[in-house]
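Everything numeric in this text was worked out from a predicted model, so none of it was measured.
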Amino acid sequence: MKRINAKTYNLIRVLALLVAAGVLIYASYSLTNSYLGYKKDEAKYAAINNMFEQDNTAGSSSGGLSYSSGNKKWVWNYKAMLKYNDEAIGYIKLDNSRIQYPIVQHSDNKFYLSHGSDKVSNGAGAIFVDTRTASLDNRFAIVYGHNMLDGSMFADIMDFRKKKFCKTHQTFDMYVGYKHYLYYVFSTFSTDSDNKKIYAFGFKDDAEYANYIDSVYNKSTYHFANGKPTVKDKIVLLSTCVDDYGNRQLVALYRGEEVVD
């Protein structure tokens, strides 16, 4: 065997160190950019949330509860949301979670995969309705959101894999247009993105819809107290990615009563 002389050996060492340093610098740069991006998104959605916060002041002249000027009440304002984004169709909230975002919809499903709810290019995307399911007022709609590493967007959907979380998170608040509804969770499970039996975009009749409801309900990994919806109910399927191999985590909801704020 030929032995590498000292000069060549040292050159190889220097080159290896330079490559390693380059990789480290690039990784640090990428992590810094990601962190700054996360913080920017966090501030953006906090500002959106602030659009709907109002002071609870002056109390009640009828002897009811009074509120200090420091107290805030969250009040949905669809007109304000439309001024922010004319493609906004609602808002979704899950108590004690990071899920508190506008719901948007574009004619091209790919658009909001890479644009925020302000229509600005953004890797975190937005929470959006599949255009093939028309709208949240239809009998069935699919709502997508990325599973972000910083815990934002639909990352908390992954917590529905935990029984304790399911037990304490059985309803969502959803604002559709000008109205506020309570939505009941009735199923959660994982599947793959190519499962056309789950990612359905229309039903020929009530019988087919009933079969779909049964299928989704029976797949649940947790038995929710809300029961099973009927063909008269409006269903929303929340979907987020589990990994880069097409696996998805789903949470199925049905519309309950309208809430008068």
Side-chain angles (χ1 to χ4, degrees), residues 41-42 44-53 74-148 151-160 169 171-186 188 199-201 233-241 248-259 261:
D41 288 344
E42 188 176 316
K44 176 176 67 178
Y45 284 108
I48 294 173
N49 183 64
N50 290 339
M51 287 169 49
F52 308 114
E53 286 193 343
W74 200 94
V75 179
W76 171 240
N77 185 335
Y78 187 42
K79 286 184 179 179
M81 191 72 251
L82 285 173
K83 287 181 181 179
Y84 181 81
N85 184 342
D86 60 359
E87 293 185 326
I89 59 174
Y91 206 89
I92 184 169
K93 294 176 71 176
L94 177 63
D95 284 345
N96 301 311
S97 81
R98 292 277 299 273
I99 298 176
Q100 187 162 319
Y101 298 106
I103 304 172
V104 291
Q105 187 174 32
H106 191 76
S107 57
D108 180 358
N109 278 334
K110 293 181 180 180
F111 183 79
Y112 283 114
L113 286 172
S114 57
H115 291 77
S117 59
D118 54 2
K119 296 185 180 180
V120 176
S121 181
N122 188 325
I127 306 301
F128 69 97
V129 174
D130 193 311
T131 189
R132 292 169 291 183
T133 59
S135 77
L136 293 174
D137 278 322
N138 272 24
R139 66 171 11 179
F140 179 73
I142 301 175
V143 179
Y144 301 103
H146 286 312
N147 175 10
M148 300 301 293
S152 64
M153 306 312 289
F154 266 0
D156 283 340
I157 293 297
M158 294 299 296
D159 284 334
F160 279 92
H169 295 79
T171 60
F172 281 73
D173 287 281
M174 288 184 64
Y175 300 79
V176 182
Y178 292 95
K179 296 184 177 181
H180 175 193
Y181 296 99
L182 198 63
Y183 275 72
Y184 294 97
V185 183
F186 72 94
T188 185
Y199 289 94
F201 302 103
D233 289 307
K234 299 181 187 299
I235 292 174
V236 170
L237 194 65
L238 308 180
S239 174
T240 195
C241 50
R248 301 289 182 265
Q249 184 67 28
L250 306 175
V251 175
L253 327 168
Y254 66 90
R255 182 184 290 183
E257 63 268 28
E258 183 178 350
V259 179
D261 295 312

**OP:** Would you please name every residue forming a ring-ring contact (aromatic ring centres under 6.0 Å, His included) with Y184, sequence neighbours left out?
**Re:** Y254
Original post:
Can you list every pair that meets salt bridge (Lys or Arg N to Asp or Glu O under 4.0 Å) and has a residue in residues 121-137, with sequence neighbours left out?
Top reply: D130-R132, D137-R255
**OP:** Show your reasoning for whether side-chain contact (heavy atoms from CB on, under 4.5 Å) applies to N138 and F140.
**Re:** CA-CA 5 Å; N138 272 24; F140 179 73; 6.0 Å; no
Original post:
Passes side-chain contact (heavy atoms from CB on, under 4.5 Å), F186 versus I235? Steps please.
Top reply: CA-CA 10 Å; F186 72 94; I235 292 174; 4.1 Å; yes
**OP:** Taking all heavy atoms of Y45 and all of P102, pick out the closest pair and write down the distance.
**Re:** CE2-CD, 3.8 Å
Subject >> Expected output: side-chain Q105 to main-chain A134 donor-acceptor under 3.5 Å >> reply: yes
Subject >> L136 to K234 - nearest heavy-atom pair and separation >> reply: O-CD, 4.4 Å
Original post:
How many angstroms lie between CG in L182 and CD in E258, if you round to the nearest 0.5 Å?
Top reply: 11.5 Å
Original post:
Counting only N and O atoms by type, is there a donor-acceptor contact under 3.5 Å from the side chain of H169 to the main-chain atoms of D95?
Top reply: yes
Subject >> Nearest non-hydrogen partners of I48 and Y84, listed with the distance >> reply: CD1-OH, 3.4 Å
Subject >> Y181 and Y183 aromatic ring geometry - parallel, tilted or perpendicular at 30°/60° bounds >> reply: perpendicular
Original post:
Would you say the side chain of T133 lies within less than 4.5 Å of the side chain of F201, judging by non-hydrogen atoms?
Top reply: yes
Original post:
Stepwise, does the side-chain contact (heavy atoms from CB on, under 4.5 Å) test hold for E87 with K119?
Top reply: CA-CA 9 Å; E87 293 185 326; K119 296 185 180 180; 3.6 Å; yes
Original post:
Y78 side chain to K179 main-chain N or O, any donor-acceptor pair under 3.5 Å?
Top reply: no
Original post:
Sub-3.5 Å donor-acceptor pair from the side chain of T240 to the main-chain atoms of N147, do we have one?
Top reply: yes
Subject >> Side-chain touch Q100/W74, heavy atoms, less than 4.5 angstrom >> reply: yes
**OP:** Using modelled atom types only, decide if a donor and an acceptor are shared between the side chain of D173 and the backbone of H180 within a distance under 3.5 Å.
**Re:** no
**OP:** Can you see which heavy atom on S117 is nearest to which on A126, and at what distance?
**Re:** N-CB, 3.7 Å
Subject >> Electrostatic pair D159:R98 at N-O distance under 4.0 angstrom >> reply: no
Original post:
What distance do C241 atom SG and Y144 atom OH have between them, rounded to the nearest 0.5 Å?
Top reply: 12.0 Å
**OP:** Please report the closest heavy-atom contact between L250 and T188, naming both atoms and the distance.
**Re:** O-OG1, 2.9 Å
Original post:
Which class fits the ring pair Y91 and Y175: parallel under 30°, tilted 30 to 60°, perpendicular over 60°?
Top reply: perpendicular
Original post:
How long is the span from the CG atom in L238 to the CD atom in Q249, to the nearest 0.5 Å?
Top reply: 11.0 Å
Original post:
Say you draw a straight line from CG of L253 to CE of M174; how long is it, rounded to the nearest 0.5 Å?
Top reply: 6.5 Å
**OP:** Quick one: closest heavy-atom pair of I127 and Y101, and the distance?
**Re:** CG1-CB, 3.7 Å
**OP:** Kindly indicate whether the side chain of D118, heavy atoms from C-beta on, has any atom under 4.5 Å from the side chain of V120.
**Re:** yes
**OP:** Mind checking the CG-OG1 spacing from D108 to T131? Nearest 0.5 Å is all I need.
**Re:** 8.5 Å
Original post:
Side chains of I89 and M81: closer than 4.5 Å at any heavy-atom pair?
Top reply: no
